[in-house]
Every structure is written in structure tokens, then in C-alpha cells.
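Okay, structure first, notes after.
Numbering starts at 1 and runs along the sequence shown. Since this is a predicted model, take the numbers as computed values, not measurements.
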Amino acid sequence: MSVEIAAARLPFSELDPELQLAVSCADEKKAARISVLDLRQIASFTEFFVIAEGSNQRQVQAIADEISDQLKKRYSRRPVRIEGYNSAEWVLLDYGDFVIHLFNQEARDFYDLERLWRDAGRVEMPKSMSTSDS
């Protein structure tokens, strides 16, 4: 008999303000299935993944633009690297201590980062956000 114990979830309020802002920007731009993975115990290249999706190329780009613009304006933060912006199937914004993955639905379902990183901790998202129940 095996017993599965649910991993403790990190409260959203305990995230750094910059990461909270990035997630809030995605939510404001109507991103779907937003989730945040806590990688601090299992990866050395970053601390958190933000995963979200847009319904089309323009929305994915608008979410990426809003996150980039607000982090630059409020915290003078620019991504170390941006990949995939033009095609907008999978846009990656790398801020060093957190990485934002913005997908269209098909790419998100295909790559399924939550499954690939299933050993990661989860962040308890505010009820008001369009979150993924993963």
C-alpha cells in the first residue's frame, strides 16, 4: 500500500515582488492556466518557472510585452534572454532567478512542463487568477 503525500505549497505572497508582478501581468492580460513551479530544491539554473498560455500569437506576445514592460518600468529588470517571440508558440523570458514560459495551447499541451518538472514544488496561486490545478 502506497500513500501519496501532497507536497506543501509555497504561498504566492512569499514570492519576490518581481515574480509576483510578472504573474500578475500575465493574469491581467488574460493568460490561461497560470502556474508557478518552485525549482529551488531540484535545479541550479533558476529558482522558479512561471507557465501560462495565450489563445493566439498576438495574446502570447501581449503577455510577454506586458511582463517585460512592467518589470523594466518598476524594477529596472530586463530579461537575460528572450526566445521564440516572433512565432509566439513558446516564448521564453529568462530573468535569471525566474523563467517565464508563455505558450499557445498546442505547444503547452505538447511540452507539458508541469509533467517534466513534476518533482518541483508548487506555488499556491490566488483564487482570483486563472490558474492550472496541476
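- When side chains are defined from C-beta on, Trp117 does not count as touching Ile51, because their heavy atoms never get closer than 4.5 Å.
- Hydrophobic clustering places Tyr85 together with Phe98 (ILVMFWY residues linked when any side-chain heavy atoms are closer than 4.5 Å, directly or through intermediates).
- With rounding to the nearest 0.5 Å, the separation of CZ in Phe48 from CG in Asp38 is 4.0 Å.
- Across every non-hydrogen atom of Arg115 and Arg118, the tightest pair is O-NH1, 2.9 Å.
- Tracing side-chain contacts under 4.5 Å through hydrophobic residues (I, L, V, M, F, W, Y), one never reaches Leu39 starting from Val123; they form parts of separate clusters.
- The side-chain heavy atoms of Asp97 and Arg77, taken from C-beta on, include a pair separated by under 4.5 Å.
- The side chain to side chain contact (heavy atoms under 4.5 Å, CB included) with Leu102 is formed by just one residue from the set Val60, Val50, Leu92; it is Val60.
- Under the 3.5 Å distance criterion, the side-chain polar atoms of Gln59 are matched with a main-chain donor or acceptor of Lys30.
- Taken from CD in Glu114 to CZ in Arg33, the straight-line distance is 7.5 Å, to the nearest 0.5 Å.
- In Tyr75, the OH atom is crowded: over 12 heavy atoms of neighbouring residues, nucleotides or ligands sit closer than 6.0 Å.
- Of all the heavy atoms in Leu21 and Leu71, the pair that sits closest is CD2-CD2, 3.9 Å.
- To the nearest 0.5 angstrom, Asn56 atom CG is 9.0 Å from Gln61 atom CD.
- Under the 4.5 Å side-chain heavy-atom criterion for ILVMFWY residues, no single connected hydrophobic cluster contains both Phe103 and Val23.
- The hydrophobic clustering, which links ILVMFWY residues whose side-chain heavy atoms are closer than 4.5 Å, places Val99 and Met125 apart.
- Of the candidates Ile67, Val80, Thr46, Ile67 is the only one forming a side chain to side chain contact (heavy atoms under 4.5 Å, CB included) with Tyr95.
- With hydrogens and angles disregarded, a donor-acceptor distance shorter than 3.5 Å links the side chain of Asn104 to the backbone of Ala107.
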message: Checking Ile63 against Glu66 for the side chain to side chain contact (heavy atoms under 4.5 Å, CB included) test, could you report, in this order, the C-alpha distance in whole Å, the side-chain angles of both residues, the deciding distance, and whether it holds?
response: CA-CA 5 Å; Ile63 296 164; Glu66 182 70 7; 5.9 Å; no
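- The local environment of OH in Tyr111 is sparse, with at most 12 non-hydrogen atoms from other residues, nucleotides or ligands closer than 6.0 Å.
- Contact between Ser35 and Arg108 at its shortest, heavy atoms only, is OG-NH2, 3.7 Å.
- Ala62 and Lys29 make their closest contact through O-CG, 4.1 Å (heavy atoms, listed as atom of the first residue, atom of the second, distance).
- Using a 4.0 Å cut-off between a side-chain N of Lys or Arg and a carboxylate O of Asp or Glu, Glu14 and Arg9 do not qualify as a salt bridge.
- Residues Glu47 and Leu15 fail the side-chain proximity criterion, which asks for heavy atoms closer than 4.5 Å.
- Rounded to the nearest 0.5 Å, atoms CD (Glu53) and NE2 (His101) are 14.5 Å apart.
- Connection of Leu113 to Ile42 is established within a shared hydrophobic cluster, with ILVMFWY side chains joined at heavy-atom distances below 4.5 Å, either directly or through further cluster members.
- Taking CD of Gln20 as the reference point, atom OG of Ser13 lies at 7.0 Å (rounded to 0.5 Å).
- Taking CZ of Phe49 as the start and CG of Leu116 as the end, the distance is 9.5 Å to the nearest 0.5 Å.
- In plain terms, the two heavy atoms of Gln57 and Ala88 that are nearest each other are CG-CB, 3.5 Å.
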